[in-house]
Every structure is written in structure tokens, then in C-alpha cells.
Number of protein chains: 2
Amino acid sequence: MKITLRTIAEESGFSITTVSRALAGYDDVNAETRQHIIEIADRLGYQPNLTARHLRSQQTNTIGMIIPRTAHFSDPFYMELLSGVGREASEYGYDLLLSAQTRSEEELNSYRRIVGGSRVDGIVLARVLVNDPRIDYLQRQRYPFVVFGRVESGECPSVDVDGTAGIRQVIAHFVANGHRRIGVIRSSHALMFTGQRYAGYVQAMESLGLPRVDAYEVEGNLTQQSGQDAAARLLDLPEPPTAILAFNDLMALGAMAAVQQRGLTVGADVAVAGFDDISAAAGATPPLTTVRQPIHDIGSRLASMLIRQIQGQPLDEFQVLVKPELIIRASSRRR
Amino acid sequence: MKITLRTIAEESGFSITTVSRALAGYDDVNAETRQHIIEIADRLGYQPNLTARHLRSQQTNTIGMIIPRTAHFSDPFYMELLSGVGREASEYGYDLLLSAQTRSEEELNSYRRIVGGSRVDGIVLARVLVNDPRIDYLQRQRYPFVVFGRVESGECPSVDVDGTAGIRQVIAHFVANGHRRIGVIRSSHALMFTGQRYAGYVQAMESLGLPRVDAYEVEGNLTQQSGQDAAARLLDLPEPPTAILAFNDLMALGAMAAVQQRGLTVGADVAVAGFDDISAAAGATPPLTTVRQPIHDIGSRLASMLIRQIQGQPLDEFQVLVKPELIIRASSRRR
DNA sequence: CACAACGTCCAAAACGTTTTGGATATATAT
DNA sequence: ATATATATCCAAAACGTTTTGGACGTTGTG
């Protein structure tokens, strides 16, 4: 049988109100009464019904994250982000509600359902699109949210990594190692960060006086398989690139596989670099050169920004820009 | 302003009841009326308040997972499990509530809070302890739950991997490769699976006629660092083992680091093997020999068992035992 | 003595749903 | 004509909590 406030009220002879207030620590209840009530609550193992509390108080002490189906649930990027968000949320006593999409067209519906349904107090958004309907929606609803990435229009709290600077460093590193034919596996231009990283590529090539060859530019969808396919196309060119830069690590790992499949040696024959520094990057064979974004820390940061916002506290920084760090490993070093 | 059933009721001139029933698809509402109500609901962008619905219907369409603080939130084991559970839950239209512990003594309190507070409809449990208070609690509460692992007493739906058989295979593999001095980095005996894996070790050593040396047996706490420390102790012995078996991959990776730190070559000088086959295992240098448990699939399986149980459907299998597979990679191959 | 202040308590409303048990009017069967 | 079935609707209760606004008796102050 469920133990509710009513049970304790009946057991103790006081009203539901008094029981509630006694347990909540209000000071308009006699010390003895409180003692008595607490004792009964403990004995019966009372646990407040959180759903009822949430309904009444209109907040859930929960933050939400929606994982797009396109990203396959086990995408390490999301996993690391999740881990950072979850860790920090727990620090504030918040739970984390995860919702995964079955179909990507329905992604916005998920937001409507969760947000409109007051399931959570705020939302963490990642992988922003160029005209992201989710952001429009959340802004119109005046719903608390934070963004991993940059948002063109309007103000919203965000943490972003300077992808332009990151990619410039990679190209400079390639060129310093004597590479001139540089292939790039970029992501879809629908994604916000693609533009930034692509700008880094363009700037670096121009400032280093290298021509951009159309055939050296291919697109992947951020998965390892797509990286492998894209790299295969590059390597099949009559004059293939000697260095390949992928816009994320997963695609870079795929590219390494493609290189190795052709009997070439990553590093010696073809340099490969990625972006993210997911944990698999350091462990790869050979270890992958990459631009580190501290995803876990960014997740924590986002969670704390979101929760402060929910609680109406002022944010010390509104839009944070993190400098990424180039991590040079064997995948881009000539022997 | 919040759009509720009341708003639509006022706007349409019908009662809250009728609006609710119209939207829910009951057939005791006139077709025209329903049309009208749906039209208004769409126009206003009505989203049912899920908290209220949950309170009234006494179910949340959510399953829970509590991540112990001891496991560091980003433990790849939990991440893969999570990914499997989340994927399958979304297939059934369930969300996933994650709660992380700030302090491990409070873990049981978390269960009390979430379960007693009716926050979720059921719970997935992992890393079972030998006399696990969580299981006692959930059984007493008659709360739906499923377990990754084995439970000594009582019946509860579970999926487990035959750790005994897995470890036996590893030892047999070591011995077939000529190893006789085998070190083992085991986990705490407080964990249920430790007993099973340890039994595999004992059985294999006995059946192969090898003596068990106390000094070759050390304990770690499943983290990479502890594996490294434990392996260091083994390697510092006057007659160090030539093969090291860790009870999970993270510790095995730590052990590889310890071996390499001493200037020895993993595989050639010291063989290393782990258990789990987390994704980092294949990518490690050298790739790690390990016993694969299909964690992601097990997660999916658990989620579907749990949800069927919640929905009162019969389970086709109550206690599933998965045969693990030995994956031989370079970390245990002599050159 | 009157009045205010204080300490302790509680009934009722509210949060937004879903479900129960009819009410009412119309159509059909006897 | 009456009785019965059917179609459509709704008021009220319920889920379990928190908060509001005040009741009531006691104590202190002038």
C-alpha cells in the first residue's frame, strides 16, 4: 500500500497540511509535533510522490537531452557530452531525462512533447543546424535552454569551440610537415559548425597560398562508415591527397581504415587528422591527431549554465568560446 | 500562456471531459465535435501536460537507471549499456531517466527517492553486489526491475554473461600460448560477477594442472588507474607473471600501460587480456584480447524485458544466460 | 481590561489530467 | 402509447502534493 501524506495524517491525528509543513521544515509547527510526524514518516518509509510535487510546484528538477536518431545513440560525442551534463546535473540535485528519436522527422515533435508537456525544466541542445527549428521553437516558448555550438540569430546561452581556429591549426600542421595536397572530409553544411570549420580550411589554404581543389572536398555524415567511404573516394583520385582532414574523429577513424585497407601506412603515406578528441582517438592505431574539444567539460559547463538560468541566477558568461587545442599524434607524423 | 484542456474547453464551448475524450479518441464524441476540438487544439498548439497525466494515470512511461558515483559517469561500460537501453526504450515510446550519485553511501536513497516517488515505471540494475540491498529493496516494494548479472536469491528477470566460461577460455588461450605464470587482476568480491569470473580462473588453473600463486592475485576497482597500479605490483615481483588477465577491459588497458611503462612489449613480453570488449579495446595499441559481452545488445534486451514486464506481458525468457566470446587480438599474441 | 502579537494548526484551492457514473435527447422496438 | 436502446455530452472525483488565508487560543503590552 502506498504511503502518502494522508496516511501519515491519519496515523498522527494531524492534518495533511501540518504533516506536509512539518516535513518541509516550516517553522509554524510545534517542535514536538514535528518530531512525532517525522518519526511516523520514517517508520512507514514515506517517500513523497515526485510526480504530484512536480505538478503542484510546476517544476521537475530535471533537465532534458534529446538524442537524434541520425546520431546513433552510441555516438561517442553524445556519450561524452551526456556524461558531462549528467555529472554536473547530479551535483545540483537534478536528474537527466533522455529521449531518443525513432524517426528524425519527428525530432521537433519530441521537443514539443517534452517541453510543452513540462516534462523537464530546461534543455541542452547540441549539433545545431543552420536555421534550427528547435531553437526557434524554444525561443518562442521562452523555454530555458543552452546550446553546444553557436547560434546565428538571437541571444541564447551557449558554449562553443572555435572550430575555425582549430582547423587552421591542423592545416598549418599538415603544411609544415610538407603536405600540399590536402583532402577534406567535411560534414553537411546544414550543420552550424560545418561553416566555422570550413571557414578555417578556406582561410588556412588562402593564407598559405595553396589552391583549393574541388575534388579534394567530400562530404560525410559524421559516422565512421561515411568517413571510410569518403576517404576511399579521395584515395581513388588519379592524384590522391597525401593528407586527409576529417571534420570529426569518427570520420577520421573511418578514413584511417580506408587508408590501411589500401595497404598504405597512416602517418607515413597519408596523414590523417580529426576533430573532437573522443576517447577512442588516443587509443587508435596509430593514435589520431585531432583538435581537442573538452566535450565532457563543456557538458558540465552547459548543465551548470542551464540550471543557473532555470533558478533565475545571473550567468557570469553568456556566450562562452573555448579555444581548442591541436593534439598531434602519430597519424600525422612522418616516420 | 499555458494551453490546457480548460483553454480548449472554453474556446470550443465543450466541457473539459469532452475535450479530453475527443483528443484521446473515444467514440462517445460526435465526429463533428471531435473535428472542431482537434482543429482548435492544433491551432493553439496544445500539448498535454505529462506530469499531470502521469499523476492521474499512475504511470510515467519512463524507465530509470541509476549510475553509481563509484563508476565515474563516463565509464564506457555504463555508456554502452545506457546506449542499448535507451535505444530500445525509445522503440517502445519510453523515455529514460538517469540519475547519478553524488555520494555512494546515498545510492540506496536514490532508489528510494526515484522508485518510492513513482518517478519511473521500472528500473534497470547493473553491477550487482553479492548481497545487494537494492535488490532487496526493489523486491520488497514489488517494483518492476531487471538485472544485468545474476542474483543469488529469489527470482527476477535478468540477463547475464557466463563469466566463468569466459575466463576459462582466456586462461586456456594463455596456456596454449606457452604461458605458465599467470597474474590476475580481479575485482572486489563484493561484486557478484567477480565470484563467477574467479571461479573460471580457479577451474581453469586446476584442470590445466597449474598452481595458483597468492602473489599473482591482486585486486583493482575496475578503473584504468587501478589496473595500472595492480599490474605494477605484479611486474615488480621477483618472478613476474608473463601473462596478465584483468576482470574488465579498463583495468586491462591500465595493465598494458604499466607493461609499456617498463619498456616491455605487450604481447611479446607480457600477454594481457581483459573482459567486456568495450569499444576502446579494439582500438587500443596493441588491440586488446578480451572476452566480449555484447553490452549494447544486452541493454536492449533488458529494456524490452523490463517494459514487457511493466505492461504485464509474459516474458518469453526469464533468466537469460549469454555465452561470451573470446576475442583474440595482438595483446596476447607472441610475435 | 482591551488589543496586538504570536504560536500552532487546518480547510480548501490549486496544479492538469483521466475516469466514473450518470444526464439528456433522440431513435427504435414492442 | 410505453419501454428500451443509442448517441452525445458533462459534473465531479481522483491522483498527491504545496500554498493561501485564516482560525483559534495563549501570551504580552499599554
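Chain letters run A, B, ... following the sequence lines, proteins first, then strands; residues in each count from 1.
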Considering only NZ, NE, NH1 and NH2 on the basic side and carboxylate oxygens on the acidic side, decide whether [X] and [Y] come within less than 4.0 Å.
X	Y	value
A:Asp75	A:Arg127	yes
A:Arg301	A:Glu317	yes
B:Arg113	A:Asp95	yes
A:Glu10	A:Arg6	yes
A:Arg43	A:Glu11	yes

Keeping to residues at least two apart or across chains, list the ring-ring contact (aromatic ring centres under 6.0 Å, His included) pairs with something in residues 123-153 of chain A.
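Qualifying pairs: A:Phe77-A:Phe148.
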So, under a plain 3.5 Å distance rule, would you say the side chain of B:Ser15 forms a donor-acceptor pair with the base of D:dA11?
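No such pair is found, so the answer is no.
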For D:dT17, does the base pair up with any side-chain atom of A:Arg56 as donor and acceptor (N or O, under 3.5 Å, distance only)?
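Counting by modelled atom types and ignoring angles, no donor-acceptor contact under 3.5 Å is found here.
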So which nucleotide from [options] ends up closest to the side chain of [X]?
X	options	answer
A:Phe14	D:dC9, D:dG16, C:dC9	C:dC9
A:Arg53	D:dT18, C:dT18, D:dT8	D:dT18
A:Gln58	C:dG16, D:dC9, C:dT19	C:dG16

Roughly how many Å is it from [atom1] in [X] to [atom2] in [N], rounded to a whole number?
X	N	atom1	atom2	result
A:Met1	D:dC15	CE	P	11 Å
B:Leu23	C:dG16	CG	C1'	13 Å
B:Asp28	D:dC10	CG	P	11 Å
B:Ile3	C:dC15	CD1	C1'	16 Å
B:Arg119	D:dG16	CZ	C1'	15 Å
A:Arg6	D:dA13	CZ	C1'	12 Å
A:Glu10	C:dC10	CD	C1'	15 Å
A:Leu55	D:dA14	CG	C1'	12 Å

Within this structure, what is the CE-CG distance for the pair B:Met305 and B:Asp316, rounded to the nearest 0.5 Å?
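Reported to 0.5 Å precision, the distance equals 8.0 Å.
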I need the A:Ile114 CD1 to A:Thr60 OG1 distance, nearest 0.5 Å.
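If I round to the nearest 0.5 Å, the distance is 10.0 Å.
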Tell me which of A:Ala52 and B:Arg21 sits closer to the 5' end of DNA chain D, going by the nucleotide each one is nearest to.
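Whichever sits nearer the 5' end wins; that is B:Arg21.
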In terms of the nearest nucleotide of DNA chain D, which residue is placed more toward the 5' end: A:Lys2 or B:Asp27?
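The residue closer to the strand's 5' end, by nearest nucleotide, is B:Asp27.
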Pair B:Lys2-B:Thr7, side-chain contact (heavy atoms from CB on, under 4.5 Å): steps then yes or no:
CA-CA 8 Å; B:Lys2 273 254 148 261; B:Thr7 322; over 6 Å; no
Just by modelled atom types, is the B:Val29 backbone N or O under 3.5 Å from a matching donor or acceptor in the B:Thr33 side chain?
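Judged by distance alone, no pair lies under 3.5 Å.
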Helical bend (five base pairs per end, nearest 10°) for the helix from C:dC1-D:dG30 to C:dA29-D:dT2:
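Computed from the C1' atoms at both ends, the axes differ by 60°.
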When we call it a touch if two heavy atoms are under 4.0 Å apart, what does A:Thr4 touch: a base, just sugar-phosphate, or nothing?
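Sugar-phosphate contact only.
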Could you identify which residues of residues 30-51 of chain A place a heavy atom less than 4.0 Å from some atom of DNA chain C, listed by residue number, or say none?
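A:Asn30, A:Thr33 - these, ordered by number, are the residues of the stretch whose heavy atoms sit under 4.0 Å from the strand.
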According to a strict under-4.0 Å criterion, is [X] in side-chain N/O contact with OP1 or OP2 of [N]?
X	N	result
A:Thr18	C:dC10	yes
B:Tyr26	D:dT8	no
B:Ser20	C:dT18	yes

